[in-house]
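Values below: all heavy atoms of this structure, side chains included; hydrogens, waters and symmetry mates excluded. Just so it is clear, the model here is predicted, and its values are computed rather than measured. Residue numbers start from 1 in every chain, and the chains themselves are labelled A, B, ... in the order their sequence lines are given, proteins ahead of strands.
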Amino acid sequence: MFLFSNFLANLLVVTVICCYATSAQSDEAAANSYMKAVELGLENDPVWLTILGYEEKGFVSSRRESAFRSSSAFLHIDGKSNPSSELLATLSAFFEPVGSGSNEHAQCKYRARYIWLDAELVFKKYGIEEQTCDAYEEWKKHESVNSISVLMVGGFLENPASYFGHNMIKLNTSRHNSNNLQNESVNFGADIPQTDGIFKYIYSGITGKYRGVFSSSDYFHFANNYGETEHRDIWEYQLNLTDHEVSLLLSLVWELMQTDFTYYFFDKNCAYRMARLFSILRGIDLTTGHNIWYAPQTFVQRMASQSGDKQIFDGSPIYHPSRQSRFYNRYYDLSSDEQNTVKALIQTPSRLAANDYQAIKLESKYRVLDVLLDYYQYTSSDGQGYITDDNSPYTQVLAERYRLPAADAAFTDSPTSSPHQSRDISYSAIAYSDNSTIGSTWRFRIRPAYYDTLDHGAGHVANAALSMAELELVGDGNKVNVRRFSFIKIERVNLQATGLPGDSRRTWLLEVGAAQDRYDDMGSTVGIARAQIGRAYPVLAVNGVITARLGGALQSSYHGSGYGYLSAGLTASGSFSELLRFEVSSEFREGLSTTHEDRLVNSAALRYEVSRNLDIRLLYERNVVNELGLSVGAYW
Amino acid sequence: MKINKKGFAIGVALVGTLAFAGVAQAQNSTGTGPNPYRDCGIGAALFPTVNWAAVTSNVIWDVGTTAVISATASPQTCQGQYVAAAAFIFETYDALTEEAAKGSGEHIVSLMNILNVEQDIRADLISAVRSEMAGQVSQAGFNSLEKVQKAETFYFAVVNSLKS
């Protein structure tokens, strides 16, 4: 019975292949290679499925389908859902006659399929005619790409798509006369019409209205924009891959650049698509079991945590500080005399010609001038406009630097932690509280992403808080209510700000969601949008900051709570050690209507990091009544 | 959108460049072929292989690279190492000129690589560029030049030093 069914299957294969291939010889070779592929189970091999972009679809059923949008990405009409049919069609196409330097031949267009299947089946045994692929060879700089790096780019609060950071890969070449900036980089992003406004942009990004595509370009475009313009640090993870693995990854990128995907901001984004690339190596799986969101930090954490045969990264990533980071690191590395010189020159640039500046040592001049160059570049592009209208101070400093003998300034680098060492991005906590009116309450908090002022880490925007869809429920044994829901909350506090002109210690907060109006009434949850802006003052002794902000809120009314209030708040935050951080806050709220009871709302929190993914927080809040609580939280 | 505004700003700057008859114009005197900044267009024309639309979700380009200014020279003329160098200088001008002032840096090395400058003459070339740029940057009108004009000045400081 088995032999008979095998015979029928083989007969079917030969018959089908005759429909694709054009000569009897290639028909037979393709058929034989296909039967060998089936014997090896290649049609369901994870690598084959990865190359074809197959993913599980639906929450209940385990329907498998390719994520490629375009049907032209497949050689078989059922290729999007039938990997076996696509394998047969692919092998047939590979055995078609070759042309001279044709880039349209299947061997070139579907380069990853070819390289992987060749490694599995050894096409030479089937007498395949090899096609030269000029366009592919030119793109991958022939054989010169000798390593691949994964890049983790820090978050950027001025572009919603970049809140959580970004991933891309860099193709490192060994070409003569080439360095890092000249390497090729590969990016995955949404193809966004320039006419789309911010709200449509966010809506379409979340609901999958944009197509996502892979593209490649010189790395210096990105290094310049991320590092110099957007002030985003970059961590480079150089991978340990064999030559064959490098070749396979390159070929997969090449194939994927010719198709497109549906872009989803939360899960099928740059991080997810980059992570999926690595599924063709050593059985690595960086995406299975991910949540409904997939963040760039998750990708590098999973990648760096692979062990044994799957370990593709060990050691430390290369840190590429942004202009902002360089400025702060260097400024705080200056002696107090050098800092005073910097301040004096900012105040009066013409003092470059004065005796007191001219009298300082040459090494100090280099340090002072380099800090000033960073300072002017940073302050001119952070939107505060300090030298936007007139950058003559910058030009004077640059001219002075040109006048001095050529030499680097000596600075001591500050130690930095890496994103892969950071805690996981999502957070859940359960707290027991004692409310002075209600009594014992339980609170449950869940934050899909990303960080608050007590737990920010590497790869996050320093001294900021960013959370999306954060929910906190409170229950007293009889009922459960929403204590707080933040559709989005952004808090920006620049702890490192120098206080120099243009590097203001400005701080701001924006939150949209819902919150209990008062803590003596479980049912007082109202919709709310609040904003504050103010100044921050660093307290270096505790690596902390004191902020003073003014603002207000608009809210839905509840039992005479009114439709909003004006507020003035003070907050102090910092750290006693690496593991122990604190925040104390006091806010006075004056109602916009007479029905709103003016009040002082206070809070204090102490966070102890038990381990990388576990913390304990002691919480105190006063909103009409007092509440003291203890929470245990886990990151996942 | 920001990109369009930036592109427009660069476009305006380029139109201004055409009327600009100052420092950089006088430097284009050693037969180095077309002036990439004026003859080849700038922005997308200088970076033909980049799929700009596909990367805009991750980057807010701030250097005018999406601006398209009609080129007056043929595409064939606007190829090669000098145009590549011009594009690189334009996009990374600030980092490049600061490294030149210091005498070394990753951007300077990249530029030398793009221009295929032999290792044994690089130090002399950098020294010559430093000398030329020290004079240019100190001139009264330099500060008020647009970025593309400053890039053009730097470009000719390099190219003329290389040819001399």
Side-chain angles (χ1 to χ4, degrees), chain A residues 153 156 158-159 161-162 166 168 177-182 187-197 201 205 210 212-218 220-230 263 270 366 370 373 377 381 390-392 394-396 398-399 401-409, chain B residues 1-4 47 49-63 65-66 84 87-88 91-95 97-107 109-119 123 126-127 130-139 142-145 150:
Chain A
V153 185
F156 182 55
E158 292 179 35
N159 181 2
S162 302
H166 182 50
M168 53 195 301
N177 264 357
S178 185
N179 74 348
N180 184 49
L181 291 173
Q182 296 168 265
N187 187 65
F188 179 82
D191 194 351
I192 300 169
Q194 292 194 5
T195 52
D196 282 5
Y201 172 38
Y210 291 132
V213 294
F214 280 91
S215 59
S216 73
S217 60
D218 292 328
F220 73 79
H221 296 301
F222 293 95
N224 192 60
N225 275 276
Y226 290 143
E228 300 294 312
T229 304
E230 297 183 350
Y263 179 91
C270 61
Y366 289 141
D370 285 6
L373 290 173
Q377 287 291 346
S381 57
D390 177 12
N391 62 356
S392 62
Y394 169 80
T395 305
Q396 289 179 48
L398 182 63
R401 195 63 168 91
Y402 267 115
R403 273 193 292 272
L404 297 181
D408 280 331
Chain B
M1 286 182 72
K2 186 173 183 179
I3 291 167
N4 286 337
F47 304 106
T49 60
V50 180
N51 180 356
W52 296 111
V55 297
T56 52
S57 65
N58 308 112
V59 181
I60 294 176
W61 299 105
D62 202 32
V63 290
T65 45
T66 50
F88 182 78
E91 180 146 349
T92 67
Y93 170 74
D94 289 330
T97 193
E98 288 174 24
E99 287 182 6
K102 296 168 191 174
S104 63
E106 191 177 28
H107 292 79
V109 173
S110 294
L111 182 61
M112 301 287 131
N113 291 342
I114 291 168
L115 289 168
N116 289 319
V117 178
E118 296 295 333
Q119 292 288 343
I126 293 168
S127 180
R130 288 190 83 246
S131 176
E132 171 65 21
M133 287 303 294
Q136 295 289 349
V137 172
S138 300
Q139 283 192 13
F142 187 84
N143 180 59
S144 58
L145 297 182
K150 291 176 180 172

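Using a 4.5 Å heavy-atom cutoff, the side chains of E91(B) and N225(A) are in contact.
N179(A) places a side-chain N or O within donor-acceptor distance of the main-chain N or O of E106(B), the cut-off being under 3.5 Å.
The two residues S110(B) and L181(A) make their nearest non-hydrogen contact at OG-CB, 3.4 Å. For K102(B) against D370(A), the heavy-atom pair with the smallest separation is CE-OD1, 3.3 Å. Between A100(B) and Y402(A) the shortest heavy-atom distance is CB-OH, 3.4 Å. Across all non-hydrogen atoms, the minimal contact from R401(A) to R130(B) is O-NH2, 3.3 Å.
Listed options E99(B), M133(B), M112(B) were ranked by heavy-atom pairs under 4.5 angstrom with chain A; first place goes to M133(B). Contact count versus chain B (heavy atoms, under 4.5 Å) is highest, among G227(A), A223(A), A407(A), for A407(A). Of the residues considered (A134(B), G103(B), S131(B)), A134(B) shows the highest number of contacts with chain A, using heavy-atom pairs under 4.5 Å.
For the side-chain contact (heavy atoms from CB on, under 4.5 Å) test, residues two or more places apart in sequence or in another chain that qualify with A399(A) are R403(A), V137(B), S138(B). Looking at residues two or more places apart in sequence or on another chain, you find a side-chain contact (heavy atoms from CB on, under 4.5 Å) between A95(B) and H107(B).
Taking CZ of F88(B) as the reference point, atom CG of D218(A) lies at 9.0 Å (rounded to 0.5 Å). Rounded to the nearest 0.5 Å, atoms CG (N224(A)) and OH (Y93(B)) are 13.5 Å apart. To the nearest 0.5 angstrom, E228(A) atom CD is 7.5 Å from D94(B) atom CG.
Both the backbone and the side chain of T97(B) come within contact range of chain A, judged by heavy atoms closer than 4.5 Å. Heavy-atom distances place both the backbone and the side chain of I114(B) under 4.5 Å from chain A.
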